[in-house]
Each structure stands twice: as structure tokens, then as C-alpha cells.
Amino acid sequence: MNPNIEHWNIISIHGGVAASKGSKEVADYFADSYRNWVTYEFPEADCYFVSVATMTKFFRGTRDKQVFNNTIQAAFPDAFLDYTDFYNARCETNMVDIVHWDGDTYAELIKDLIMNVAARRTAKNQGQVSESPAAFTVMEVQAVMDTNDKTVVYEQPSLDSNVLLPSCEAGIPVQVTGITNNGFFRVCISPDGTASYIAGDGLTP
């Protein structure tokens with residue numbers, strides 16, 4: 001109910017114990033609960049649902065390790081955040097027990113989730129880009145994201161702005177310093193620190 005929050009993004013990281021049951025019935029219960037969130041509890045927000053790391057030792061006895069994530073992904077294909085590769089790369093070295101990750105991994109996960117959601121949000125707002133760049137506002141952030149095959153660097157946060165770089169190689173790290181309300185990342189790629197802008201789908205978390 002906070003009137004100062006213009007838009008809510010709700011990120012759910014739940015279901016670890018439920019997923020260990022390996023049951024479609026349990027997974028469907030979560031999907032139904034999440035559907036209730038989207039429809040009735042938070043209709044004005046964007047809800048996202050993070051995959052469960054079912055490759056860890058905690059799930060050794062789980063008969064169907066995929067049923068929980070697969071069910072949530074099928075129910076919310078555009079809102080499911082699949083971090084299977086992230087978990088796989090860390091489960092042998094970054095866990096403090098059979099359930100929990102170390103602090104650095106949680107911090108890395110949360111940072112990546114926030115940037116992932118921010119990128120989806122800006123991409124969603126692409127069609128709402130203002131023709132007047134002077135009208136934009138910026139949310140300050142500090143993050144590193146990668147270029148992709150859609151990366152175009154603009155002088156201002158507008159598709160009609162002067163193009164500084166029409167394309168570049170994918171996978172180059174870029175310093176992100178802000179996210180505009182009209183669907184662009186503010187980036188720092190100039191030696192003198194001059195800001196430039198990349199559309200929401202032009203960077204990958």
C-alpha cells in the first residue's frame with residue numbers, strides 16, 4: 001500500500017521442501033497459489049517465480065527432480081526465472097550444508113535476479129519509449145551486464161536518438177549505471193565517463 005512505490009516486482013524463491021516430494025500434486029498446488037497471486041493478490045504487479053535447485057544433495061532421494069520446476073514453468077512461461085545453470089555451476093563448491101548456499105552465492109543470485117527482472121521490465125516498456133528524451137527519469141544502479149546480438153548504443157534514451165554504435169560483439173561486459181523509465185539502460189563505455197544508452201533488450205544479465 002506504499003504510495004511512493006510506482007511499480008512492484010514480486011520475486012518468489014519458494015518451494016525447495018515441496019519440490020523434494022517429487023509430486024505433481026504438490027507442484028500444482030504451488031502453481032494454483034501463484035496463479036491466485038497474479039490474478040487476485042497482486043494484479044498490478046509483475047510476479048516472477050525462481051527455479052528450485054533440485055540437483056543438490058538435499059534432493060538425492062527425490063523420485064522426480066524436475067516435476068516442480070517444469071510445472072511452474074509451464075504455468076508461467078513468461079514469469080519463470082530458470083537458474084538451473086547458475087545452481088549447477090556452484091552446487092559442488094558453494095554450499096554450507098545439503099540445503100543452503102554460502103553468503104556470497106545468495107548475494108550473487110539476488111543481484112542477478114534484480115538485474116534480470118529489470119531487463120525484462122525495460123524490454124516490456126520498449127513500446128512506451130517517449131519521443132522526447134528530456135522526459136525520462138533514471139533509477140540509479142551499479143551492475144555489469146553483457147552485450148548481445150541486439151546491442152545498439154544511443155546518445156540519448158530514444159530509438160530516434162543519434163546512434164553511437166550500431167552493433168558490437170556479443171558477450172562484452174558493460175557497466176550499467178542506471179535504468180530509465182522509458183526502457184533503456186544508462187551505460188558507461190566512454191573513457192571520459194560520458195553516459196550513453198542501450199535499449200532494454202540490448203543487454204543480457
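- The shortest non-hydrogen separation linking F68 to A27 is CA-CB, 3.9 Å.
- Closest non-hydrogen pair, V52 versus A19, comes out as CG1-CB, 4.2 Å.
- Note: N148 CG to D201 CG = 7.0 Å, rounded to the nearest 0.5 Å.
- The cluster map of Ile, Leu, Val, Met, Phe, Trp and Tyr, joined by side-chain heavy atoms under 4.5 Å apart, puts V99 and V50 in different clusters.
- For the side chain to side chain contact (heavy atoms under 4.5 Å, CB included) criterion with D46, the lone passing option out of D78, N9, V117, I11 is N9.
- Side-chain atoms of T147 come within 3.5 Å of backbone atoms of E169 as a donor-acceptor pair (strictly under, hydrogens ignored).
- Using a 4.5 Å heavy-atom cutoff, the side chains of F58 and D97 are not in contact.
- Every residue meeting the ring-ring contact (aromatic ring centres under 6.0 Å, His included) condition with F76, not counting sequence neighbours, appears here in chain and number order: F49.
- Taking both residues in full, the closest heavy atoms of T56 and C91 are given as CG2-CB, 4.3 Å, listed atom of the first, atom of the second, then distance.
- Taking hydrophobic clusters as Ile, Leu, Val, Met, Phe, Trp and Tyr residues chained together by side-chain heavy-atom distances below 4.5 Å, F80 shares a cluster with I10.
- Here the closest non-hydrogen pair linking M145 and P205 is CE-N, 3.5 Å.
- Summarising the geometry of S51 relative to Y87, their closest heavy-atom pair is O-OH, 2.8 Å, with the distance given to 0.1 Å.
- Of the possible donor and acceptor atoms, none in the side chain of T151 sits under 3.5 Å from a partner among the backbone N and O of C168.
- No side-chain donor-acceptor contact under 3.5 Å links D146 to the backbone of T204.
- Follow the hydrophobic side-chain contacts under 4.5 Å out from V17 and you never reach M55; the two are in separate clusters.
- Here R60 contributes atom CZ and K65 contributes atom NZ; the two are 9.0 Å apart, rounded to the nearest 0.5 Å.
- Taking the side chain as every heavy atom from C-beta outward, K21 and T62 never approach each other to under 4.5 Å.
- Looking at V163 and V152, their side chains come closer than 4.5 Å, going by heavy atoms from C-beta outward.
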Can you give the donor-acceptor pairs under 3.5 Å from side chains of residues 187-200 to other protein atoms, not counting sequence neighbours?
unit_1, atom_1, unit_2, atom_2, d
S190, OG, D192, N, 3.4
S190, OG, D192, OD1, 2.4
D192, OD1, T194, N, 3.0
D192, OD1, T194, OG1, 2.8
D192, OD2, T194, OG1, 3.2

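- For S33 and N36, the side-chain atoms include no donor-acceptor pair closer than 3.5 Å.
- Across every non-hydrogen atom of A18 and F30, the tightest pair is CB-CE1, 3.3 Å.
- Other residues, nucleotides and ligands contribute only 12 or fewer heavy atoms inside 6.0 Å of the CD atom of E25.
- Put simply, the side chain of Y154 does not reach to within 4.5 Å of the side chain of N162, judged on heavy atoms.
- E44 contributes atom CD, which lies 12.5 Å from atom CD of E6 (distance to the nearest 0.5 angstrom).
- Other residues, nucleotides and ligands place no more than 12 heavy atoms under 6.0 Å from the OH atom of Y29.
- Distance OG1/T177 to CZ/F185: 11.0 Å, rounded to 0.5 Å.
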Pair Q175, V144 - check side-chain contact (heavy atoms from CB on, under 4.5 Å), show working. CA-CA 5 Å; Q175 180 69 42; V144 176; 3.8 Å; yes

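- Residues C47 and Y34 are not in side-chain contact: their nearest non-hydrogen atoms beyond the backbone lie 4.5 Å or more apart.
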Could you go through the side-chain contact (heavy atoms from CB on, under 4.5 Å) check for V176 and V141 one step at a time? CA-CA 7 Å; V176 177; V141 300; 3.8 Å; yes

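- Note on W37: it does not cluster hydrophobically with W8, by side-chain heavy-atom contacts below 4.5 Å among ILVMFWY residues.
- Between the CG atom of L164 and the CD atom of Q156 there is a distance of 9.5 Å, given to the nearest 0.5 Å.
- For the atom pair CD1 (I72) and CG (L81), the distance works out to 12.0 Å, reported to the nearest 0.5 Å.
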Acceptor/donor pairs from residues 108-115 side chains to any protein atom, 3.5 angstrom cut, sequence neighbours excluded:
unit_1, atom_1, unit_2, atom_2, d
E108, OE1, R90, NE, 3.4
E108, OE2, R90, NH2, 2.8
D112, OD2, Y83, OH, 2.7

